[in-house]
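The sequence lines fix the lettering, A, B, ..., with proteins before strands; numbering per chain opens at 1.
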Amino acid sequence: MLRSLTTGLGALVIYLILTMESGSLGLWSLEELIVGAVLALGVGLIAGRVLGKGEADYKKLLNPRRWALFLVYLVGPFFFAMFRANLDVAYRVITGRIKPGIIKISPGLKSDLAASLLGNSITLTPGTLTVDIDKENNFYIHWINVRNPQPSPEEVCGRFPRWARRIAE
Amino acid sequence: MSKLVRTIGWLLYAPILIFGFYVIMHGHLTPGGGFQGGAVVASGFALLIVAYGAKGAGLKERLLSVVESGGALIFVGLAFLGLGATFFYNFLAAGGGVVFNELVPPGPNPGDLNTAGTLPLMNWAVGLKVLAGLGSIVLLLALFPSEEE
Amino acid sequence: MVIFIYVLLGIGVLFNGLGSFALLRFPDVFTRLHGATKCTTFGSIFTILATVAYGFWGVARGIQGDLTLAIHALLALIALLLTNPTGAHAIARGARRSGVLPKRAVVDAYEGYKFEEEE
Amino acid sequence: MIANFPYVTAILLMIFGLYAALFRRNLIKIAIGITLMESGVNLFLVSLGYRRGGIAPIYTLAPEAAERMVLPTPQALTLTSIVIGLATTAVLLALIVVIYRHYGTLDADKVNKLRG
Amino acid sequence: MEVLKTGSGFWSALIWVAIALGAFLIIWLFSRAFERGYKRGTDQADPFLSGNPPSPGQRVTASDIYWGFVEALKGYYRPLVRAHSGVVNDYLAWAILVGAIVFVLLGGFMR
Amino acid sequence: MDILAHVPILVVGIPLLGAFATPLIARAGARARNWFAIFILLLTTALAIALAVSVFQAGPRVYVLGGQSFGFTLPSGYFFPIRIILEADGLSAFFVLIIAVTTLLGAIYSTAFMRAHSGLEKYYALLLLLAAGMFGMVVTGDAFNFFVFLEITSIAATGLVAFRTGRAESGEAAFKMMVLYNIGGLLVLLAVAILYGQYGALNFAYLAKLIEYSLLDVVALALFVLALALKAGAVPMHMWVPDAYPAAPAPVTMVMVANTQIGLYGLYRICFSLYGLKLTPALVGWIVIILGILSIFIGVSMAVIQRDLKRLIAYSGIAQIGYMLLGVGVGLAVLGTPALDSYGLMAMKGGIFHIVNHALYEGLLFLAAGAVSYRAGTRNLDQLGGLAHNMRWTAFFFIIGGAAIAGLPPFNGFASKLIIYESVFKFNPILAVIALLASIITLAIYARAFQSVFVGPKLPAYKDVREAPPSMMFAMAILAALVVLFGLFPDLVVRYLVSPAAQALVNRAQYIEAILGAGLGVR
Amino acid sequence: MMDAVVQVVLLVVILGAGFLAIRFKDLLSSVVALAAVSLALSLEFYVLQAPDVAIAEAGIGAGLTTAVFVLALRKTRRKEEER
Amino acid sequence: MSAFAIAAIFLGFYMLFCLIRVAAGPTVPDRVVGVDTINTLVVALMVLLGTFYKEVIFIDVAIVYALLSYIATLYIAKYLEGSPW
């Protein structure tokens, strides 16, 4: 029930964003609002049940604090790290100076959502690329410039695990 | 697939679905319509299949087949309902119905959904048919036992 | 404002080019993925941001429809941000599991990793 | 010159597809060739409707911009043909899988139990 | 009586049936006067296999019928059978060949 | 609401509705599903007869989809048709009847023949879909819809041929067929695109009015001829036929025969109604004739050496397709010359008459072969033998079919072949001689087939073989009765069925006039 | 005018990828190249002012066709036989 | 704003680089990387051209494209993994 409602709510939000500026009721026309509600309900019923995702996951999606944190994270540290990453890659593209390897770190995350967030962040940030995540949430990371064969998580991805824990755990 | 892909697939599933429905719903106003929206929704099913495996995706072949038949029946049925004048006659747009009985006003107007007669209904019928049909194509091919099994 | 948009576009084009170039320059799949994913995503962010800026500029000038343009471009950006790293991860994992080893690797912690069967 | 380029590409794509279907003795390659041919025909259809400097044929823009629109009919045709194309491709591939289970090979030269 | 005009002549199946029935009647009448040549259970009923005594269960199968015809036309049949190779590419190649010929004929000769 | 006014679309729409409803009806049980399919096809047959009667009485009928009224072909303000228009003339009505009869009998036969298989709701759905596609191809007056229905028939036919996936041969045959159909369909689409690019229209009648035989039109014509001859199984492209026919279940094979003939319909429609006199028809006529002669020749010679019963019938069927091509090709070659009236039209009548005869006796033969394989479990001529002891009626029907295909009087094959021989002889004696010779060889082929399957002592392997189930017997009996009736009264058939069809082909102006004439005329 | 240049580049990409699709011996590579053809074709439709066709091609041609091909490959084998 | 179109032309040329990688890549993952990069470029291109044409609908295409091209990548990656379906 919660799962369907959450999914439906998310769908409704996306539908409303898509149909913005369509009428006079706020930004929407009446038809769009009605149709959007119906369609969102339908999507909630269809997509509310995805294997292996419990209610806790959906509750996380409903928490506005997490979303706010996520936005802060996105425009703050994440964007900065990405900028750095690109300069780094540019440097390596031009000089060709690389020292790659696959390393393993254990950031100690518990939820899938946090692991995914961290994994995607890692992929987009300096010199690192998530290759695999195992059951205990150990990350196997391809590092373009290996400084230490057995690094600590901070060495590879800075304060991302802490952000991920705060946002999605 | 890995945990990461599964989670992102879980997050993207509902947006893809609602986007497909959006495309179907606005078929008579903007580019898109039953075919495209159905294909988008079916791609959502394909995403679920690739992330969670054919058995884990929770798609029911029988249900899809019923939806497919239903969509096609609605389509042909709507065409038959036009038989008062001709097959496929847009009987709603001529003021015969309660909903959709206005012509589409000219100009950019993404909000005027309640227009164009039977076209939105037909779009929905085609959309249901296509999403169920294409979804079941992928599902059946994925479920097909391969040689090792 | 026009200058700002030009700058955004310029950065976007530059980084996209860098990404494509990295694709040719690096020696193996993983390093190529580094270049391609990061740079093209970053470049695309900037090009899309240019569109968004253009859209909001249009809103400021009172042009109808430009808000929708910006919003939809933002949605495209979000989709890109979600899918791109995931795709890169999937490719890397697939490549590693299909037996492609990182070239010139100093360490390979993945060696001997037991692939568990998925549930 | 540039206006003719899509047609040339479409024809070349069709020739590529036909080449694959004629000379590649692998069933999946044949299916790939057919898909390429379909792409070529679709491209041909869409470029038929294109006019230089045209805009997309959207009904709600019709009255004031109708004469600048590209032709909508070929696009409708292309849509139908794309969906049909996927259906035929899926049927072909399903048949290939069935054949593989019976013959254990994808070599067209060996899939000839029916001959003579 | 309706008859089918065939351009230069005509054809009526009913007339033909009547004539045929008459002919059969005459033949039947005549045949009653003849000695029956065919006797069940004698050697006559067995297949003739080059004079060899038939082994039990042996019979004239479909491959044996017209064996001589096919053997005589071997030179004709061998390439024909080989052309029906059962390979889908060959099928397609034939089609394309015909297409090319049709195309050349139509495009070349009719302008 | 006048239901008869909507007949042209109803023959397409009702099987389509049935096809989509069948999976739902099948929930109610096997019996309901079978009766539903048969009921739908019966209804369609009734409608088809109504359509044919009205067309033969009142000339071509048009039907505008989605318009204010079904006869309203040219909406005010337009001087060319913009909506999808169906057009049924004599030829269409002729083919509609053939399709209706074959699919109905196929469904009846299937109830017993396919009983042992699972997933039959898909089978019946595909059968109805195939019927709808064929009806659509025949009644449509729109080039693109022609392509769409062509693809519908391709997919449905492939699904039916591959239905028994447990057998290696069905997958292989269906794959080969699908590849060829697919390429053929793409060529048709390309040709349609070329025509559209030239004239900006898709309506056959309007195109026929405009067409001016430029180089691109020639290209389109070549593509059409190639693709449709491929679908019809004319000789160098025939090779999928003997693969696909035996692999399909017997009732499907019968429907497939009709499906191949739709290829002929398309060929005739394109050559006569679309291009017509605008091209100097002799060359196209000769191409068709040569395809026909090749078909006759190769078909019979390959049939002689076959060991598979259905394959043998398939090869001899190819030869019969050759007769149809020959007859109409002669008509096409002399189109527009005085010779048309002296013998060309007659040859066309022969060719068209042969189509309906072929559908009947070839269907009968395939059904009989299906009954044999259903009871005996094999189709290998070397293993079969002595079945006439136990399957008297099947043997009898096989004799009728064999005699008809060989052109023995008084069966229907003779009547049409006689017309073809006589009129082709006036055109070119050599062709007639070849055709006659092939007919004789056909007789020999069927003598051999009959001897191997039915004649001889009872074999121990087939000791317990029984007669085929009643529904199969019923379908065969109807076909046999039709074969005999058409043989006994060929004049009636020619006058009421064939002549209007041939006239419709020759009378191109009428075809165009029906759509572009008054425009508002409600017929 | 501007988009004409994009068009030419795209057509080159389409042709190149199509050529690769029939040239590769490894069927998986062929499928990858086929996906590239579909992707570029979708953009080409877009440039030719056919957005609805572009949506359909992106969804069906690029997404589902690749999926179906890969599934079929998974059920059969990957390499074209050497001959 | 023809600057958008000029940027689009640049991105178009970058697609050729990716095509070279698709052609040359010694392993299949290399080729997939090339195609994946083409995807990203195409999404950016679509947004740019959509702005150039000033049509919101054209940007919808980009959204669809971004969401769906990723699925193709996933399928190929899953094949490479060799895990059962």
From Phe13(H) atom CZ to Ile9(H) atom CD1, the distance as rounded to the nearest 0.5 Å: 7.5 Å

Top contributor to chain H interface from Ser20(C), Ala73(C), Ala90(C), Gly12(C) [non-hydrogen pairs under 4.5 Å]: Ser20(C)

Chain H contacts, top residue of Gly17(C), Ala95(C), Gly87(C) (heavy-atom pairs, under 4.5 Å): Gly17(C)

Part of Tyr70(H) lying under 4.5 Å from any heavy atom of chain C: side chain

Approximate separation, where rounding is to 0.5 Å, of Ile45(C) CD1 and Leu8(C) CG: 11.5 Å

Point-to-point distance, once rounded to the nearest 0.5 Å, from CD1 of Ile11(C) to OH of Tyr6(C): 15.0 Å

Contact origin within Ala50(C) toward chain H - heavy atom pairs under 4.5 Å: both

Exceeds 12 heavy-atom contacts within 6.0 angstrom, atom CZ of Phe10(H): no

Options Leu41(H), Ile76(H), Leu74(H), ranked by heavy-atom pairs under 4.5 Å with chain C, top entry: Leu41(H)

Top of Leu67(H), Val64(H), Asp60(H), Asn39(H) for chain C proximity - count of heavy-atom pairs under 4.5 angstrom: Asp60(H)

Under 4.5 Å from any heavy atom of chain H - which part of Ile91(C): both

Spacing of Phe17(H) atom CZ and Ile38(H) atom CD1 [to the nearest 0.5 Å]: 12.5 Å

For chain H, the option from Ser44(C), Ala88(C), Gly55(C) that forms the most heavy-atom pairs under 4.5 Å: Ser44(C)

Which portion of Tyr14(H) sits near chain C, non-hydrogen atoms under 4.5 angstrom: both

Between Asp36(H), Thr73(H), Val43(H), Ile59(H), the one whose heavy-atom pairs under 4.5 Å with chain C are most numerous: Ile59(H)

Residue pair Arg21(H) / Asp30(H): nearest heavy atoms and the distance that separates them: CG-O, 3.9 Å

Under 4.5 Å from any heavy atom of chain C - which part of Val47(H): both

Polar side chain donor-acceptor pair, Asn16(C) to Thr47(C), under 3.5 angstrom: no

Which portion of Thr27(H) sits near chain C, non-hydrogen atoms under 4.5 angstrom: side chain

is_close_aromatic(Tyr79(H), Tyr75(H)), centroid dist under 6.0 Å: no

